[in-house]
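If you're wondering where the values come from, they're calculated on a predicted model, not measured in any experiment. Just so it is clear, the values below take in all heavy atoms, side chains as well, and ignore hydrogens, waters and symmetry mates. Lettering of chains follows the sequences in order, A, B, ..., and the numbering in each one begins at 1.
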Amino acid sequence: MDRLKRRVDFLAVASGARMTSPAFVVQRRKREDDGPVRIGFTVSKKVGTATERNRVRRRLRELVKQVGALSMRPHSDYVLVGRRGALHRGFATMLDDLRLALHRLDRPSPERS
RNA sequence: UCAGUCGGCCGGACGGCCGCUCCGGCACCGGCCGAAAGGCCGCCGGGGAGGAAAGUCCGGGCUCCAUCGACAUACGGUGCCGGAUAACAUCCGGCGGGGGCGACCCCAGGGAAAGUGCCACAGAGAACGAACCGCCUGCCUUCGCCCUUUGGGCUUCGGCAGGUAAGGGUGAAAAGGUGCGGUAAGAGCGCACCGCGUCGCCGGCAACGGCAACGGCAUGGCAAACCACACCGGGAGCAAAACCGAAUAGGGACGGCGCAGCGGCUGGUUCGCGCAAGCGAUAACACCGCGAGAUCGUGUCGGAUCUGCCGUCCGGGUAGGUUGCUUGAGGCAAUGUGCAAACAUUGUCCCAGACGAAUGGCCGUCACGCAUCGUCCGUGCAAACGGACAGUGCCCUACAGAACCCGGCUUACAGGCUGGCUGAUAUU
């Protein structure tokens with residue numbers, strides 16, 4: 001599992017499917033190559049001060065680590081956008097949030113297909 | 001013990017599981033790639049946010065650009081004195097002014113007799129020293145009274161002329177202050193003290209202070225208004241900069257074409273003549289002189305650099321990567337010098353280097369704090385207050401996250417530890 005680092009990649013993922021949770025927003029985009037799962041984090045200044053943004057990003061990163069790459073689709077890019085709720089929401093609850101969001105992204109949405 | 005004041009330090013602790021990043025190690029084992037050297041993952045050992053990392057307000061180092069010189073000007077900053085320092089608007093020690101019983105705190109604290117300007121409202125007056133109400137004198141008019149009378153005195157209302165700056169009132173500020181004398185009433189008019197100014201002497205490196213004499217008050221405030229004076233100052237910043245280097249747009253060499261600002265004709269080129277040396281011609285290239293334009297903050301003088309189009313061949317920049325990147329005006333300790341800021345010497349230590357950005361996530365125990373309920377104890381008639389113990393809940397901690405590095409300043413901060421000093425009270 002690699003990290004997303006280029007601005008271009010972030011912009012590309014932003015146009016893909018998304019699921020919203022109280023603590024974060026998950027975005028996904030399928031790539032045309034055979035590379036591994038890549039994941040990026042976005043925490044804007046709207047969330048809070050630098051200290052708070054760091055904390056949000058670290059908790060999101062830990063969530064991804066515990067959920068693991070197996071529950072994500074191969075050769076896809078994911079972006080987690082942090083929200084202010086990620087600061088104080090219970091960690092176990094957030095884990096369930098993320099699993100649910102990934103599951104829903106996997107299920108093809110009716111209006112799309 | 002209470003109240004206060006000035007500093008210094010810390011800013012959760014311990015443990016478990018799972019990770020991130022940097023450095024070192026191949027002594028051990030395993031895996032992958034490679035012909036090898038070696039690299040990567042795993043492994044082993046070690047380091048990993050702050051006192052403000054923040055605001056980016058000053059001062060530097062470092063890097064690049066300008067390093068073009070002189071003079072002038074413009075712009076910006078600083079402004080009691082001495083010291084510290086790489087430097088500063090910082091720090092230390094003084095001086096002066098103001099506040100506090102005091103420890104101590106605060107000060108944008110140079111020049112207003114170089115000039116210009118401003119001083120709202122109120123008030124008579126806000127600066128070539130003013131006169132509203134007053135106070136006083138003289139004359140005139142008027143009301144009344146007294147005195148033994150063609151006069152004099154006192155008094156009421158008012159007018160004119162003059163003298164005043166005591167008092168009232170306005171204001172942020174009113175022309176030295178207080179007291180005594182003096183006077184028609186007053187006034188530095190005179191005197192004493194204080195303040196101010198000038199000069200002299202003494203002390204101090206200096207800011208300044210002390211003493212004495214003289215003057216008789218002249219010089220209102222604002223320079224965070226312009227200004228004058230003294231001193232200082234190039235610009236931009238690690239997204240600086242250096243190196244390696246794609247794809248697409250811009251420079252040097254060669255060829256051609258075209259245009260040349262003028263002149264020189266020095267070299268080359270080409271052409272003509274000649275056996276040759278050479279002579280003559282020649283527009284383009286190079287060179288020299290003058291000139292024009294652009295750039296170097298502005299002006300002057302000087303100076304430097306550059307100055308067509310097309311085709312073919314070679315070198316620079318962007319994306320990306322590496323370096324810069326952490327050993328430094330460094331920390332700690334001791335000793336010495338100094339009132340101190342600080343400096344010197346010796347010893348010792350190596351203490352984050354990320355780049356969509358590591359330094360963490362989850363859990364347990366404990367401490368601390370806050371809230372709430374219960375029990376017990378003390379005071380009290382009671383309401384209530386204080387203390388101790390245990391339970392539960394909350395925050396699982398305030399302010400806040402390195403981004404090239406230092407010295408400061410400013411701002412934010414739950415709570416805790418500790419030292420000096422001051423005042424009050426009590427006891428000895």
Side-chain angles (χ1 to χ4, degrees):
Chain A
M1 184 164 23
D2 284 349
R3 281 294 293 276
L4 225 56
K5 292 190 174 178
R6 291 162 173 275
R7 176 175 168 77
V8 190
D9 294 333
F10 277 86
L11 290 176
V13 176
S15 61
R18 65 174 61 192
M19 282 302 305
T20 305
S21 265
F24 52 82
V25 175
V26 188
Q27 298 174 329
R28 193 196 65 183
R29 173 176 167 270
K30 189 160 166 50
R31 292 200 317 274
E32 298 304 321
D33 54 36
D34 291 342
V37 172
R38 297 192 303 176
I39 187 148
F41 301 94
T42 296
V43 185
S44 72
K45 274 194 179 171
K46 206 166 62 182
V47 173
T49 61
T51 310
E52 291 167 332
R53 292 201 302 275
N54 273 341
R55 187 167 167 75
V56 166
R57 188 175 54 246
R58 282 164 181 161
R59 296 192 86 196
L60 292 182
R61 213 173 55 209
E62 200 66 20
L63 283 178
V64 170
K65 200 181 87 191
Q66 297 209 3
V67 165
L70 288 179
S71 49
M72 300 187 190
R73 290 199 150 188
H75 29 270
S76 292
D77 288 347
Y78 288 85
V79 167
L80 263 75
V81 180
R83 308 179 75 186
R84 204 171 163 75
L87 221 51
H88 294 109
R89 197 170 170 83
F91 196 74
T93 321
M94 282 168 63
L95 264 179
D96 292 340
D97 288 346
L98 181 58
R99 289 205 181 94
L100 184 69
L102 290 176
H103 181 68
R104 284 192 178 165
L105 275 177
D106 264 2
R107 197 178 51 195
S109 49
E111 64 264 49
R112 274 198 151 191
S113 61

Novice: Could you say whether A/Gly40 or A/Thr49 is positioned toward the 5' end of RNA chain B, judged by the nucleotide with the nearest heavy atom to each?
Specialist: A/Gly40
Novice: Does B/rC288 adopt a syn or an anti glycosidic conformation, taking syn as a chi angle within 90° of 0?
Specialist: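 B/rC288: anti glycosidic orientation.
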Novice: Is the glycosidic torsion of B/rA49 within 90° of 0, making it syn, or is it anti?
Specialist: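 Syn, angle within 90° of zero.
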Novice: Compare all side-chain heavy atoms of A/Ser21 with those of A/Val26 and state whether any distance is below 4.5 angstrom.
Specialist: no
Novice: Watson-Crick or G-U wobble partner for B/rG252, using a 3.5 Å limit on both distances?
Specialist: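 Result: B/rC313.
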Novice: Pairing check on B/rA207: which nucleotide meets the Watson-Crick or G-U wobble criteria with it, both distances under 3.5 Å?
Specialist: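 Partner of B/rA207: none found under 3.5 Å.
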Novice: With rounding to whole Å, what would you report as the distance between B/rG416 and B/rG401 at their P atoms?
Specialist: 25 Å
Novice: Between B/rG16 and B/rC92, how far apart are the two P atoms, rounded to whole Å?
Specialist: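 It comes out at 48 Å once rounded to the nearest Å.
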Novice: Between A/Arg28 (side chain) and A/Tyr78 (backbone), is there a donor-acceptor pair under 3.5 Å?
Specialist: no
Novice: Across all strands shown, which nucleotide pairs with B/rC417 by Watson-Crick or G-U wobble geometry, both distances under 3.5 Å?
Specialist: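 B/rC417 is paired, partner B/rG8.
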Novice: Considering every strand shown, what is the Watson-Crick or G-U wobble mate of B/rA358 when both distances are under 3.5 Å?
Specialist: none
Novice: Any donor and acceptor pair, going by atom type alone, linking the side chain of A/Arg59 with main-chain N or O of A/Ala86 inside 3.5 Å?
Specialist: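 It does hold such a pair.
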Novice: Take atom P in B/rA53 and the same atom in B/rU410, then report the distance between them in whole Å.
Specialist: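 Comparing P positions in B/rA53 and B/rU410 gives a spacing of 14 Å.
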Novice: Could you check whether A/Arg59 gets within reach of a base, just the sugar-phosphate, or nothing at all, counting any heavy atom under 4.0 Å?
Specialist: sugar-phosphate
Novice: When you look at CZ of A/Arg53, are more than 12 heavy atoms from neighbouring residues, nucleotides or ligands closer to it than 6.0 Å?
Specialist: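 It does: A/Arg53 CZ has more than 12 such atoms within range.
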Novice: Using atom CD of A/Glu62 as one end and atom P of B/rG361 as the other, report the distance to the nearest whole Å.
Specialist: 8 Å
Novice: For B/rU164 versus B/rA124, give the span between their C1' atoms, rounded off to a whole number of Å.
Specialist: 16 Å
Novice: Can you find a heavy atom in the side chain of A/Leu100 that is under 4.5 Å from one in the side chain of A/Met19?
Specialist: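 The answer is no; the side chains never approach within 4.5 Å.
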Novice: Between B/rC118 and B/rA112, how far apart are the C1' atoms? Round to whole Å, please.
Specialist: 13 Å
Novice: Answer with base, sugar-phosphate or nothing: what part of the nucleic acid does A/Thr42 contact at a heavy-atom distance below 4.0 Å?
Specialist: base
Novice: Could you check A/Glu52 against A/Val43 for side chain to side chain contact (heavy atoms under 4.5 Å, CB included), going step by step and ending with a plain yes or no?
Specialist: CA-CA 10 Å; A/Glu52 291 167 332; A/Val43 185; over 6 Å; no
Novice: When the nearest nucleotide of RNA chain B is assigned to A/Asn54 and to A/Arg61 on a heavy-atom basis, which residue is associated with the more 5' position?
Specialist: A/Arg61
Novice: Using purine N1 to pyrimidine N3 plus N6-O4 or O6-N4 for Watson-Crick, or N1-O2 and O6-N3 for G-U wobble, each under 3.5 Å, what pairs with B/rA172?
Specialist: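 In the structure as shown, B/rA172 has no Watson-Crick or wobble partner.
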Novice: What is the distance from NZ of A/Lys65 to P of B/rC362, rounded to the nearest Å?
Specialist: 11 Å
Novice: Based on the glycosidic angle (syn within 90° of 0, else anti), state the conformation of B/rG188.
Specialist: syn
Novice: Can you check the A/Lys45 NZ to B/rG356 P distance for me, whole Å?
Specialist: 16 Å
Novice: Check the distance between B/rA358's C1' and A/Leu60's CG and give it to me in whole angstrom.
Specialist: 16 Å
Novice: For residues A/Leu95 and A/Leu98, determine if any side-chain heavy atom of one lies less than 4.5 Å from a side-chain heavy atom of the other.
Specialist: no
Novice: Would you mind reading off the distance between A/Phe41 atom CZ and B/rC355 atom P, rounded to a whole angstrom?
Specialist: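 Atom-to-atom, A/Phe41 to B/rC355, this comes out as 15 Å.
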Novice: C1' atom, B/rC404 versus B/rC238: distance in rounded Å?
Specialist: 6 Å
Novice: Does B/rG151 have a Watson-Crick or wobble partner in any strand here, with both distances under 3.5 angstrom, and which is it?
Specialist: B/rC147
Novice: With a 4.0 Å cutoff (strictly under), does any side-chain N or O of A/Thr51 reach OP1 or OP2 of B/rG401?
Specialist: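 The answer is yes; a side-chain N or O of A/Thr51 sits under 4.0 Å from OP1 or OP2.
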Novice: Please state how far atom CE in A/Met94 lies from atom P in B/rC362, giving the value in whole angstrom units.
Specialist: 9 Å
Novice: Hunt down the Watson-Crick or G-U wobble partner of B/rU63, both distances under 3.5 Å, from any strand shown, or write none.
Specialist: B/rA236
Novice: Which nucleotide, in any strand shown, forms a Watson-Crick or G-U wobble pair with B/rC227, with both distances under 3.5 Å?
Specialist: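 Paired with B/rC227, as far as the under-3.5 Å criterion goes, is B/rG111.
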Novice: Taking 4.0 angstrom as the limit, do A/Glu62 and A/Lys65 come out as a salt bridge?
Specialist: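 Salt bridge flag = yes for A/Lys65 with A/Glu62.
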Novice: Between A/Arg53 (CZ) and B/rA403 (C1'), how many Å, whole number?
Specialist: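 After rounding, the reported distance stands at 14 Å.
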Novice: If the P atom of B/rC95 is compared with that of B/rC10, how far apart are they to the nearest Å?
Specialist: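 B/rC95 and B/rC10 have their P atoms separated by 35 Å.
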Novice: Just confirming the chi classification of B/rU326, syn or anti, using 90° around 0 as the syn window.
Specialist: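 Syn, since the glycosidic angle lies within 90° of 0.
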Novice: What is the separation between atom CZ on A/Arg55 and atom C1' on B/rC395, rounded to the nearest whole Å?
Specialist: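 Rounded to whole Å, this separation is 12 Å.
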Novice: Between B/rA329 and B/rG61, how far apart are the two C1' atoms, rounded to whole Å?
Specialist: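 Per the computed distance, 9 Å lies between those C1' atoms.
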Novice: Looking at A/Arg58, I'd like to know whether one of its side-chain N or O atoms comes within less than 4.0 Å of OP1 or OP2 on B/rU359.
Specialist: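 A/Arg58 to B/rU359 OP1/OP2: side-chain N or O found under 4.0 Å.
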Novice: Quick check on B/rG51: syn or anti? Syn means the glycosidic torsion is within 90 degrees of zero.
Specialist: syn
